[in-house]
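Data first, discussion second: the structure below is written as structure tokens.
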Amino acid sequence: MAAYVGLVSHTSSLPLRPRLPPPSFPKIKFSPMASMSNDPIREWILSEGKATQITRISSVGGGCINLASRYDTDNGSFFVKTNRSIGPSMFEAEALGLGAMYETGSIRVPKPYKVGSLPTGGSFIIMEFIEFAASRGDQSVLGRKLAEMHKSGKSSKGFGFDVDNTIGSTPQINTWSSDWIQFYGEHRLGYQLKLARQQYGDSTIYEKGQRLVKSMGPLFDNLVIEPCLLHGDLWSGNISSDKHGEPVILDPACYYGHSEAEFGMSWCAGFGGSFYKAYFEVMPKQPGFEKRGDLYMLYHYLNHYNLFGSGYRSSAMSIIDDYLAMLKA
């Protein structure tokens with residue numbers, strides 16, 4: 001990703017390149033800049049954000065879905081994303097994901113502060129501003145911190161999340177399930193296969209993909225899968241480091257799933273040997289890890305096919321065909 005000074009928004013997983021509010025505070029004197037009646041962002045910053053003056057608002061690099069801005073104040077800086085056409089549900093889901101990751105106390109993520117609607121339509125999210133370093137930092141530290149998040153982020157509800165969210169701009173269904181194979185087959189692969197048939201009339205990839213979904217059980221033989229909190233969209237554009245070199249991950253598509261599913265975007269994440277070595281020292285590699293790698297990439301290849309078109313179809317189809325041959329399905 002580009003080396004922006006600040007928190008750069010890549011809410012989209014596009015390869016085309018990427019809550020609790022503080023308690024009430026005493027009444028404060030607002031800056032003349034703060035005409036707040038129709039600006040809920042300023043209103044929050046100048047009240048619950050404990051600032052008395054907004055000194056500068058600047059645009060920062062963003063993704064293809066949202067606008068991103070840095071608000072500098074006399075009480076530090078805030079990072080704000082806005083979307084003029086989508087209601088607050090998308091940002092509410094993002095805030096829940098960021099909050100869940102933040103609460104693990106493992107890897108650094110921007111702390112979400114406020115989500116709301118814009119009076120002219122659309123929505124916003126205010127979060128912690130993190131000043132980024134020029135590089136992504138140490139891969140081994142990233143691997144260890146990510147594993148610590150997976151180890152500590154557990155769910156008693158099974159696989160899924162409390163709300164549906166998005167993967168790029170594609171809806172991601174997170175209905176709870178006690179069965180990982182069922183969840184992944186229905187809400188990940190199955191959903192994307194249906195989209196491909198609806199969008200492109202692609203009955204071939206749909207039918208072959210459904211055969212894989214029905215026959216993929218042996219890939220998980222003798223495996224105990226515990227629900228782990230996943231970032232869900234971990235590619236290079238959503239990974240950075242702060243000015244102290246600590247890894248930062250952002251723009252999640254969180255849910256509780258099999259830890260290995262986190263590597264589904266590894267084809268554009270740049271994970272190296274030191275990353276995996278450090279990760280597996282905390283979360284030991286499970287039997288059959290290599291056999292399942294492409295299965296988890298398939299979800300993201302299908303999503304890219306649905307988002308960006310036929311350029312990703314051959315990769316998805318090749319994975320499906322290889323698994324059908326392996327499984328003799």
Side-chain angles (χ1 to χ4, degrees), residues 13 93 96-97 100-101 104 106 146-167 170-196 206 208-235 249 252-267 269 271 276 279-280 282-303 316 319-320 322-324 326-329:
S13 66
L96 285 172
M101 293 192 296
T104 67
S106 52
L146 183 67
E148 288 171 356
M149 185 183 84
H150 289 169
K151 193 170 186 177
S152 60
K154 302 297 184 182
S155 169
S156 60
K157 298 179 182 179
F159 304 98
F161 203 55
D162 284 332
V163 296
D164 294 339
N165 47 29
T166 55
I167 181 79
T170 307
Q172 182 168 259
I173 309 305
N174 294 318
T175 305
W176 292 104
S177 173
S178 60
D179 185 326
W180 170 247
I181 299 174
Q182 180 273 330
F183 177 89
Y184 190 69
E186 179 180 350
H187 299 312
R188 294 297 179 261
L189 298 183
Y191 187 84
Q192 294 285 347
L193 291 166
K194 289 176 183 177
L195 281 183
Y206 174 80
K208 285 190 171 185
Q210 288 294 350
R211 280 168 52 197
L212 171 58
V213 167
K214 293 174 183 176
S215 60
M216 67 183 183
L219 297 171
F220 301 90
D221 281 351
N222 303 314
L223 203 63
V224 176
I225 303 175
E226 294 184 2
C228 296
L229 179 62
L230 307 181
H231 175 282
D233 191 15
L234 202 59
W235 67 286
I249 56 176
C254 285
Y255 65 100
Y256 291 89
H258 186 196
S259 58
E260 295 175 9
E262 193 77 282
F263 308 128
M265 284 288 285
S266 59
W267 48 281
F271 299 142
Y276 286 108
Y279 180 89
F280 290 131
V282 178
M283 290 282 288
K285 184 188 292 188
Q286 293 179 298
F289 172 82
E290 288 79 7
K291 291 193 302 183
R292 292 181 294 273
D294 284 352
L295 188 70
Y296 290 133
M297 291 186 194
L298 178 59
Y299 171 57
H300 296 279
Y301 276 120
L302 287 169
N303 186 47
I319 290 173
I320 292 171
D322 286 349
Y323 274 117
L324 291 178
M326 177 197 304
L327 296 165
K328 297 180 172 57

*Under the side-chain contact (heavy atoms from CB on, under 4.5 Å) rule, collect the residues that match up with Ala261, sequence neighbours excluded.*
Trp180, Leu230, Tyr255, Tyr296
_salt bridge (charged side-chain N to carboxylate O under 4.0 Å, His left out) partners of residues 175-184, not counting sequence neighbours, each pair once_ = none
_Could you work out, with side-chain contact (heavy atoms from CB on, under 4.5 Å) as the rule, every residue matching Pro227, not counting sequence neighbours?_
Ser155, Phe159, Tyr256
*Return the minimal non-hydrogen interatomic distance between Cys254 and Asn174, and the atom names on each side.*
O-ND2, 4.0 Å
_Any residue meeting salt bridge (Lys or Arg N to Asp or Glu O under 4.0 Å) with Lys285, in chain and number order, not counting sequence neighbours_ = Glu290
Show me the donor-acceptor pairs within less than 3.5 Å that the side chains of residues 210-222 make with the rest of the protein, sequence neighbours left out.
residue: Arg211; atom: NH2; partner: Ala329; partner atom: O; Å: 2.7
residue: Ser215; atom: OG; partner: Arg211; partner atom: O; Å: 2.8
residue: Ser215; atom: OG; partner: Leu212; partner atom: O; Å: 3.4

_For a quick test of reading the model, state the closest non-hydrogen atom pair linking Ile173 to Arg188 and the distance between them._
O-NH1, 2.7 Å
*For the residue pair Phe183 and His258, establish whether any side-chain heavy-atom pair is separated by less than 4.5 Å.*
no
*Minimal non-hydrogen separation, Leu302 against Ala316, with atom names*: CD2-CB, 3.9 Å
*State the CG-CG distance between Asn165 and Leu96, to the nearest 0.5 angstrom.*
9.0 Å
*asked:* Holding to salt bridge (Lys or Arg N to Asp or Glu O under 4.0 Å), I want the full list of residues that pass it with Glu186, two or more places apart in sequence or in another chain.
replied: none
*Measure up the Phe280 and Tyr276 rings against each other and bin them: parallel (under 30°), tilted (30 to 60°), perpendicular (over 60°).*
parallel
*Please confirm whether the backbone N or O of Lys151 pairs with a side-chain atom of Glu226, one donor and one acceptor, at under 3.5 Å?*
no
*When rounded to the nearest 0.5 angstrom, what is the spacing between CD in Gln172 and CG in Asn303?*
8.5 Å
_Over all atoms of both residues, closest heavy-atom pair of Val163 and Ala93_ = CG2-CB, 3.8 Å
_So which atom in Ala147 and which in Met283 form the shortest heavy-atom distance, rounded to 0.1 Å?_
O-CG, 3.6 Å
*asked:* Restricting to non-hydrogen atoms, name the atom on Met149 and the atom on Leu229 that form the minimum distance, rounded to 0.1 Å.
replied: CE-O, 3.4 Å
*Sequence neighbours excluded, which residues qualify as ring-ring contact (aromatic ring centres under 6.0 Å, His included) partners of Tyr279?*
His150, Phe263
*Nearest-0.5 Å distance, NE2 of residue His300 to OG1 of residue Thr170*: 11.0 Å
*Has the side chain of Tyr184 got a donor or acceptor atom that lies under 3.5 Å from a matching backbone atom of Leu295?*
yes
_CG on Leu298 to CG on Leu193, rounded to 0.5 Å_ = 7.0 Å
*Taking side-chain contact (heavy atoms from CB on, under 4.5 Å) as the test, write out the residues that go with Ser152, two or more places apart.*
Thr104
*asked:* Just verifying a value: how many Å separate Ile249 CD1 and His231 NE2, rounded to the nearest 0.5 Å?
replied: 5.0 Å
*Got a sec, which residues hit side-chain contact (heavy atoms from CB on, under 4.5 Å) with Asp322, two or more places apart in sequence or on another chain?*
Ser318
*Could you tell me which residues satisfy salt bridge (Lys or Arg N to Asp or Glu O under 4.0 Å) with Asp164, sequence neighbours excluded, listed by chain and number?*
none
_Atom pair CD/CG of Gln286 and Leu223 - distance to nearest 0.5 Å_ = 4.5 Å
*Any chance NZ of Lys194 has more than 12 other-residue heavy atoms, nucleotides or ligands included, within less than 6.0 Å?*
no
_Going by salt bridge (charged side-chain N to carboxylate O under 4.0 Å, His left out), name the pairs with one or both residues in residues 291-302, residues two or more places apart or in two chains._
Glu260-Arg292
*Tell me, please, which residues at least two apart from Ser266 pass side-chain hydrogen bond (donor to acceptor under 3.5 Å, both in side chains).*
none
